[in-house]
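What follows is a set of notes on a single structure, which appears directly below.
Every chain is numbered from 1 and lettered A, B, ... according to where its sequence line falls, protein lines coming before strand lines. Since the structure is predicted, the reported quantities are computational estimates derived from the model, not experimental observations.
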Amino acid sequence: MNLSAVPHFKTHFAELFHVAASNITSLDAAMRIELSRTKQASHGDYSCNLAMQLAKQLGKNPREVAQLLIDKMPVSPYVEKIEVAGAGFINLFLKNSTKQQHLHYVLQSKDAFGSSNFGQGKKIQVEFVSANPTGPLHVGHGRGAAIGASLANILKAAGFDVSREFYVNDAGRQMDILTLSTWLRYLELNDIHIAFPANAYQGDYVKAMAKLIHQAHAQRYVHQPDLLLDGLPAIARETSVDTDEQLDQLIANTKKILGQDYAYIHNFVLTEQLGDCRNDLMEFGVEFDVWFSEQSLYDNGLVAHAIELLEKKHHLYHQDGATWFRSTDFGDEKDRVVQRENGQFTYFASDIAYHLNKFERGFDQVINIWGADHHGYIARVKGALRALELDPTKLEIALVQFAVLYRNGKKASMSTRSGEFVTLRELRQEVGKDAARFFYVMRKSDQHLDFDLDLAKSQSTDNPVYYVQYAHARVCSVLAQWDGDIDDLKDADMNALSSPTELALLQRIIDFPDAIEAAAKEYSPHLIAFYLRELASEFHSYYNSTRFLVPDISLLHARLALVASIRQILNNGLRLLGVSAPEKM
RNA sequence: GUGCCCGUAGCUCAAUUGGAUAGAGCACCAGCCUUCUAAGCUGGGGGUUACAGGUUCGAUCCCUGUCGGGCACGCCA
């Protein structure tokens, strides 16, 4: 059996309604025929509001239109009955046998059940995390990582051709500050002490990198530290530097003193931090197809190229020695500098080049997952795309709100400038990968997340991760005690699965591909977390009410086919979220 | 001050993007282990969807205003 053979009831019914409606009137091309799942069993399994939408156009009351549609509808092999209800809803009831037969598809599709061709192989890029490689990832990056990775999995399952990308900010001033910080720590190891700037990187990881350089090269990079304070006020000799201008002066001096060796240290710290970041993410179950270097945009002349393009299209002007992009022509609040008075391009300039490059790589859709604090950049980036005559609707920017950690019911400190912040690694060590991944995507991503550390660690009914995993482990335990071949269940007679609980579970199983499709369409991984919780809940209830290992072989096989299917879906769903599905707990 | 996002049960959050009687989980109360994992289940109370208008067959969702909260407003990245 191939996947396309799995019936998709919503599209099936939509097609039937389309035929019916076409027989009655000419359909507006913009009109979408939508099927929705009902909330109450008395309303059947699916309902359609098409009659209410057509009522005005036809000049008839909605219930009348509904009946007309039903009369003109081709017969469906899956439907038990169709009813008009309420204000003009059309409710469809699936045959029990239709629901029961669906288990065959689950057991045969296995890992692929839930996947679809919704995305039609369209090329889609998801760019996420993209943290400055200047220190360890913190818990804020963790949420972006979890959401991005889950979304990429979901999109892939929904039939998109997905590319995961990490944009490495390896070109900017922050990297210079890290290089300076590391060199100063290195000098300290050589007994040369210069007051450490307050606004440089304070973390212990900087000292660790300095130590590595010292161990490998001893005094090789000491040079002439007495020139370091040139151009700085005398006070800088006693107290630490703390303004941006002074820090920039220190960086300039360092570059002069180190000459060729500056590149070595710069490259060393970049490699170290990037490696650490990659490792951290890998342990978190997050991997990328492309690590895209900002520096490469400069090296290949793409930044200059992008700015030239804007110039040619007359969207730039020069003022106060700087070059400005007239983004107010494209809906931004104010114009933005792309090239500074000192000749350096701004971060925005490289970002324009980066997005131009993304579009030139031929993606049908590009998704940026950004921290919510970046929302002010959306207008200018989209504005730049329009200025370059690119389609801004191809770029979707998904904002992720911050996660706030709670311990003992109180806010846990998030980040301070002293370098003392909660890292993603610490979070993983405290609550584990599974809980962290699940908690991060439990809420809609554009909502604030209260991350309860105690709850994430607790091995109790309250913890939604354990709740879902426990359902999986329970099925495994039952199947292990049965000790038969699961492949035999594919041929089981499912007619015995006719209790309300069982039929509800079967419908829930049928819904899984729709849940993935909705999550893909809305860029909303939390829908998968909610779906899994509901499936687990219905399973636990079933488990407590019904015995599976019964003497009647036919009944036994039918029930085991059902719980084996549930296990398969729990497994598939948890995999999308990067959460393990343990066989024992 | 200006712009964007948000306001749903005591708490944390959903609600198929305009559909039917707004749903879950905590917490609270009362029950269920001699039986496939009690990390589980069953039942119960709890709401003027911040407030006031408007749009229509129909609004938590769309529009306007008010109140309250978050974020952003650099030739930083």
Fill in the blank from the handout: Heavy-atom nearest pair, A/Leu574 first then A/Ala581, reads CD1-CB, 3.9 Å

Exercise for the section: Please check if the side chain of A/Thr328 supplies one atom and the backbone of A/Glu333 the other of a donor-acceptor pair under 3.5 Å. Expected result: no

Practice task
Syn or anti for B/rC33, please, going by whether the chi angle lies within 90° of 0.
Solution key: syn

Practice task
Report yes or no: does A/Tyr543 contribute a side-chain atom to a donor-acceptor pair with the main-chain N or O of A/Phe548 at less than 3.5 Å?
Solution key: no

Handout entry: Output field: ring centroids A/Phe292/A/Phe166 closer than 6.0 Å
Key = no

Exercise for the section: Taking atom C1' in both B/rA30 and B/rU34, compute the distance separating them and give it to the nearest angstrom. Expected result: 24 Å

Problem - Close side-chain approach of A/Asn463 to A/Phe438, heavy-atom, < 4.5 Å - result: no

Problem - Check: A/Tyr354 ring centroid to A/Tyr167 ring centroid under 6.0 Å - result: yes

Problem - side chain to side chain contact (heavy atoms under 4.5 Å, CB included) partners for A/Tyr406, two or more places apart - result: A/Val404, A/Lys411, A/Asp450

Exercise for the section: For B/rC73 and B/rU12, measure between their P atoms and round to the nearest Å. Expected result: 28 Å

Practice task
Under 4.0 Å between any heavy atoms, over every strand shown, what does A/Ala372 touch: base, sugar-phosphate, or nothing? Just pick one.
Solution key: sugar-phosphate

Problem - Distance between C1' atoms of B/rC6 and B/rG44 (Å, rounded) - result: 33 Å

Practice task
For A/Arg143 and A/Tyr440, indicate whether the former's side chain and the latter's backbone hold a donor-acceptor pair under 3.5 Å.
Solution key: yes

Exercise for the section: Could you tell me whether a side-chain N or O of A/Lys382 sits under 3.5 Å from a main-chain N or O of A/Leu395, the two making a donor and an acceptor? Expected result: yes

Problem - No-hydrogen, no-angle side-chain donor-acceptor test under 3.5 Å, A/Gln174 and A/Tyr201 - result: yes

Handout entry: Close approaches to RNA chain B from residues 326-342 of chain A, in residue order (heavy atom, under 4.0 Å)
Key = A/Glu333, A/Lys334, A/Val337, A/Arg340, A/Glu341

Handout entry: Cationic N near anionic O, under 4.0 Å, A/Asp351 to A/Arg336
Key = no

Problem - Proximity to RNA chain B (any heavy atom under 4.0 Å), residues of residues 540-549 of chain A only - result: A/His540, A/Ser541, A/Tyr543, A/Asn544, A/Thr546, A/Arg547, A/Phe548, A/Leu549

Handout entry: A/Ser477 side-chain N/O to B/rU37 phosphate OP1/OP2 under 4.0 Å
Key = yes

Exercise for the section: Please determine, by modelled atom types, if A/His8 and A/Thr11 share a side-chain donor-acceptor pair under 3.5 angstrom. Expected result: yes

Fill in the blank from the handout: Between the CD1 atom in A/Ile569 and the CD1 atom in A/Ile510, the distance rounded to the nearest 0.5 Å is 9.5 Å

Problem - Between B/rA52 and B/rA59 - C1' atom distance, rounded Å - result: 15 Å

Handout entry: Presence of A/Lys521 side-chain N/O under 4.0 Å of B/rU16 phosphate oxygens OP1/OP2
Key = no

Problem - A/Asp454/A/Arg407 under salt bridge (charged side-chain N to carboxylate O under 4.0 Å, His left out): CA gap, chis, key distance, verdict - result: CA-CA 6 Å; A/Asp454 304 305; A/Arg407 195 192 301 280; 5.6 Å; no

Exercise for the section: Would you write the dot-bracket representation of RNA chain B, where each base gets (, ), [, ], | or . depending on whether it forms a Watson-Crick or G-U pair under 3.5 Å and with which partner? Expected result: (((((((..((((.....[...)))).(((((.......))))).....(((((..]....))))))))))))....

Fill in the blank from the handout: B/S/- along nucleotides 17-23 of chain B (protein heavy atoms under 4.0 Å) is B-BBB--

Practice task
Look up atom CG in A/Leu555 and atom CG in A/Leu549, then write down how far apart they are to the nearest 0.5 Å.
Solution key: 11.0 Å

Practice task
Taking syn as within 90° of 0 and anti otherwise, name the glycosidic form of B/rU64.
Solution key: anti

Practice task
Tell me whether the OP1 or OP2 atom of B/rA38 has a side-chain N or O from A/Arg474 closer than 4.0 Å.
Solution key: yes

Exercise for the section: Could you grab the distance from atom CD1 of A/Ile397 to atom OH of A/Tyr523, nearest 0.5 Å is fine? Expected result: 12.0 Å

Exercise for the section: Check the side chains of A/His266 and A/Asp170 for a donor-acceptor pair under 3.5 angstrom, ignoring hydrogens and angles. Expected result: no

Problem - Among B/rC5, B/rG74, B/rA38, the nucleotide that comes nearest once only the side chain of A/Tyr470 is considered - result: B/rA38

Completion exercise
Of B/rU37, B/rC4, B/rA14, the nucleotide closest to the side chain of A/His375 is B/rC4

Handout entry: RNA chain B-proximal residues of residues 445-456 of chain A, any heavy atom under 4.0 Å
Key = A/Gln447, A/His448, A/Asp450

Handout entry: Phosphate-side-chain proximity, A/His526 and B/rA24, N/O vs OP1/OP2 below 4.0 Å
Key = no

Exercise for the section: Using only side-chain N and O atoms of A/Lys584, determine if any of them is under 4.0 Å from OP1 or OP2 of B/rU37. Expected result: no

Problem - Gap in Å between the two C1' atoms, one belonging to B/rU49 and one to B/rA15, rounded - result: 11 Å

Exercise for the section: Using a 4.0 Å heavy-atom cut-off across all strands, classify A/Ala379 as base, sugar-phosphate, or nothing. Expected result: nothing

Practice task
Indicate, with a heavy-atom threshold strictly under 4.0 Å, whether A/Asp320 touches base, sugar-phosphate, or nothing.
Solution key: base

Problem - 5' precedence on RNA chain B between A/Asp244 and A/Leu399 (nearest-nucleotide basis) - result: A/Leu399

